[in-house]
Every structure is written in structure tokens, then in C-alpha cells.
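Computed from a prediction, not measured in an experiment: that's the story for all the values here. One-based numbering, in listed order, for ligands and for the atoms of each. Any value given below was found using the heavy atoms of this structure, including those in side chains, with hydrogens, waters and symmetry copies removed.
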Amino acid sequence: MKRYLDELIENIKRLKIKRKAIILAHNYQLPEVQDIADYVGDSLGLSLTAGSTDAKVILFCGVRFMAETASILCSDKIVLLPDINAVCPMADMITADRLRELKKNNPEASVLSYINSSAEVKAESDVCCTSGNAVMLAHSLKDSRRIIFISDKYLANYVALKTNCNFITWDGYCPTHVKILAEDILIKRKSHPRAEVWVHPECRPEVISLADRVLSTGGMCKYAKETDSQEIIVGTEIGILHRLQKENPEKKFYPASEIAICPNMKLTTLDKILWALEDMRYKIDVPETVKFKAKRSVKRMLQLI
Ligand code: 13P
Ligand code: SF4
């Protein structure tokens, strides 16, 4: 088994050089996938890295909207998603048609869309945001017009609290983060009384109100290195614990809920990464007309931060 794994990793590394590829992985990916990646990060870090790489091929270990964002930002590159079924259910909770309807009913409003959305929805938006910069972007837009914030209602609720914005929202949510319950936090606090509680802004409001800090996954990785706290209860998808523990071996990290697992994030395996590089699949292509409009809203986010 060990020999198979070593050979698999060697073959991936060899093919990666041959294809002039870079491997990007989200913080929720399987440990062995994170360990082979050239860059591991949150949605913002991944977009920035995709936008600045000089690699010819971007192999995206994440979900479809992330690979689409890379394709939107880098027209000249081939973007590969090792498993075509790796999608984000939240991103699919709103379609471009439904958003157009919402815009028609609120013609005065600008659209701030969570990056967890399809390329078609991004093309209908004024600006995108990630969990790490949503508060800042809402602040920058709030004096102009009313804002339609799509599609995560819990992120919208958190940003509204922080900015005093009165958003027009959509009933979208992350099926993984809603599995983290307030009672989980209370139980974990009892078992680890010295631990701080950090949660992701996609969590339910009652979970957020019990937290010491609300952070994107990138924010958690950054703050884990800076904080004096030695124990942290982590309220997000459990894949991040691998990176947190690896980068901070002296600290202890506990999952707020053991069932907060995103099945789509776990579809990417080392075998599929090798096959993706061998067969150059699955290519993620966004139609040019959609790409042109979607690029404006993603670029606007990058200019405003
Ligand atoms: P971030 O890594 O940007 O915080 O997003 C979390 C998430 O759920 C991505 O799908
Ligand atoms: Fe989508 Fe939630 Fe999975 Fe992230 S964790 S990809 S928001 S379903």
C-alpha cells in the first residue's frame, strides 16, 4: 500500500511538471490532497493564486464554482476539475433566471454575490465576495443603493449585523455548515473549558452568536498562528483540521461537529488527480459571453479589497 501511494505521488509530480500544471486545493480537501498541492487556501486565496500563476494548467482540487472562477480569471489557461461531480449545493440554490427576476423586482438594487455561485449568476452580479471580504465589500457598496445579497442567507445575516445593511436576501445555505448546531458548541465548550470557539460565517446565527470569532477558512489558518490560545473549537467543515494541526502542532483543535463534512469536497482523491493529469480532464470551460460579464464582478471584488 505504501509503495502504491509513493508511486502515485511520484507519478503526479512527474506529470505535473510535464503538463506545466499547478495544483490548487481548498482547505476542506482530504489531507493527502492538501499535502500534494502547490497552494492550499480559502476561496479568495485560491482566486488570487489562479489569477497570478504562470502555469499553463490549473488543476483545481475543490468544487466546480472554484474551477469556474479560475477559468473566468485566466482565459489563456486550461482548468481541470478531477471529479466533474464535485459541485457546491449552495451555488446551485440560485439560477441566473431567478436572479434576473429578483433584479427586475428591485431595479434600484446592486447585486453582491457570494463567490459560491455559478458563472452565469456571477455574470448577472455587480460584484462578488468571499467569506473573508464580504463585510468589507458590503461596507463599500452600502451608501450607493440597496443591495441584493445572494445566495447564503446566513452569511447575509452575519454581514448585515456587522454593517447595518438591510439586504434583499435569498434562501440559500450551506448543507454542511447547517449541521453545526448551537448544542454542539455548548457541549464542546463543556468538554474543553479553556478553548476558544471559532466559526465560519456560513453557520447558523445561533451558532455564530456563541462564537468568540467568526472567520473564513483562510482567516482561521492565519489567526491560528497568531493567537495565544492553545485550544480551539473549530466550527466549519472538518477538512481544515488537518492544515490547522499541521501548521500548529503545539495547539489543539477540536471539531465543533464531527458530521460537518462536505461530501463534494471529498470527491477529489490522489487517483483522480493522476487521471486528470493523464487525460487532461475534466476541462472547465465557461462560454465567452458569460465569462466576459462574470469577469467584471470577480475583478471588481479583487480591485476593491
Ligand atoms: P472559504 O474557504 O472562502 O471560507 O469558504 C468556505 C466554503 O464553504 C467554500 O465552499
Ligand atoms: Fe458548498 Fe458548503 Fe461544500 Fe462549501 S462546504 S462547497 S459552501 S456545500
Side-chain angles (χ1 to χ4, degrees), residues 24-30 33-34 37 39-51 60-70 81-94 112-118 121-122 128-137 149-156 158-159 170-180 198-204 207-208 211 213-224 234-244 255-268 284 298 301-302 305:
L24 307 184
H26 188 266
N27 289 320
Y28 298 158
Q29 289 289 297
L30 292 169
V33 172
Q34 294 190 30
Y39 176 84
V40 183
D42 66 0
S43 309
L44 179 62
L46 290 165
S47 301
L48 290 168
T49 309
F60 220 113
C61 305
V63 289
R64 191 183 174 97
F65 79 82
M66 294 176 173
E68 277 186 356
T69 308
L81 189 65
D83 190 315
I84 199 67
N85 297 312
V87 295
C88 169
M90 186 207 305
D92 293 336
M93 285 178 191
I94 185 157
L112 176 57
S113 70
Y114 194 22
I115 198 152
N116 298 37
S117 55
S118 68
V121 164
K122 286 183 178 75
C128 288
C129 68
T130 68
S131 60
N133 60 26
V135 170
M136 188 199 298
L137 286 162
F149 189 119
I150 50 139
S151 64
D152 185 352
K153 62 179 173 186
Y154 295 135
L155 178 64
Y158 170 71
V159 177
W170 187 258
D171 190 16
Y173 61 91
C174 164
T176 298
H177 283 88
V178 293
K179 289 186 177 158
I180 304 170
W198 300 355
V199 305
H200 194 274
E202 288 174 17
C203 287
R204 297 166 182 274
V207 168
I208 288 183
R213 278 175 200 280
V214 182
L215 296 161
S216 68
T217 65
M220 289 182 189
C221 293
K222 183 169 181 284
Y223 194 59
V234 183
T236 191
E237 209 273 353
I238 61 168
I240 197 175
L241 292 168
H242 170 70
R243 181 172 168 197
L244 289 171
S257 164
E258 282 77 6
I259 63 164
I261 300 171
C262 175
N264 287 282
M265 284 284 183
K266 308 304 182 208
L267 286 175
T268 306
I284 300 300
V298 180
M301 167 182 83
L302 299 177
I305 56 172

Review point. Is it true that the side chains of Y158 and S131 contain a donor and an acceptor less than 3.5 Å apart?
Key: no
Revision key, fill the gap. Closest to atom 8 (S) of ligand 2 among protein heavy atoms sits P89 CD, 3.5 Å
Review point. At what distance is the nearest protein heavy atom to atom 8 (O) of ligand 1, and which residue and atom is it?
Key: E202 OE2, 3.1 Å
Point to revise | Option of least heavy-atom distance to atom 10 (O) of ligand 1 (set: N116, D42, I115) | key: N116
Check your understanding: Has E202 got any heavy atom lying under 4.0 angstrom from an atom of ligand 2?
Key -> yes
Check your understanding: Heavy-atom contact under 4.0 Å between F65 and ligand 2?
Key -> no
Review point. N/O/S atom of C174 under 2.8 Å from atom 1 (Fe) of ligand 2, yes or no?
Key: no
Point to revise | ligand 1 contact by H26, heavy-atom criterion under 4.0 angstrom | key: yes
Revision key, fill the gap. the protein heavy atom lying closest to atom 1 (Fe) of ligand 2 turns out to be C88 SG, 2.3 Å
Review point. Does M90 come within less than 4.0 Å of ligand 1, judged by its heavy atoms?
Key: no
Practice item. Specify whether an N/O/S atom of C262 falls short of 2.8 Å from atom 3 (Fe) of ligand 2. Key: yes
Review point. Out of N116, N264, D152, who gets a non-hydrogen atom closest to atom 4 (Fe) of ligand 2?
Key: N116
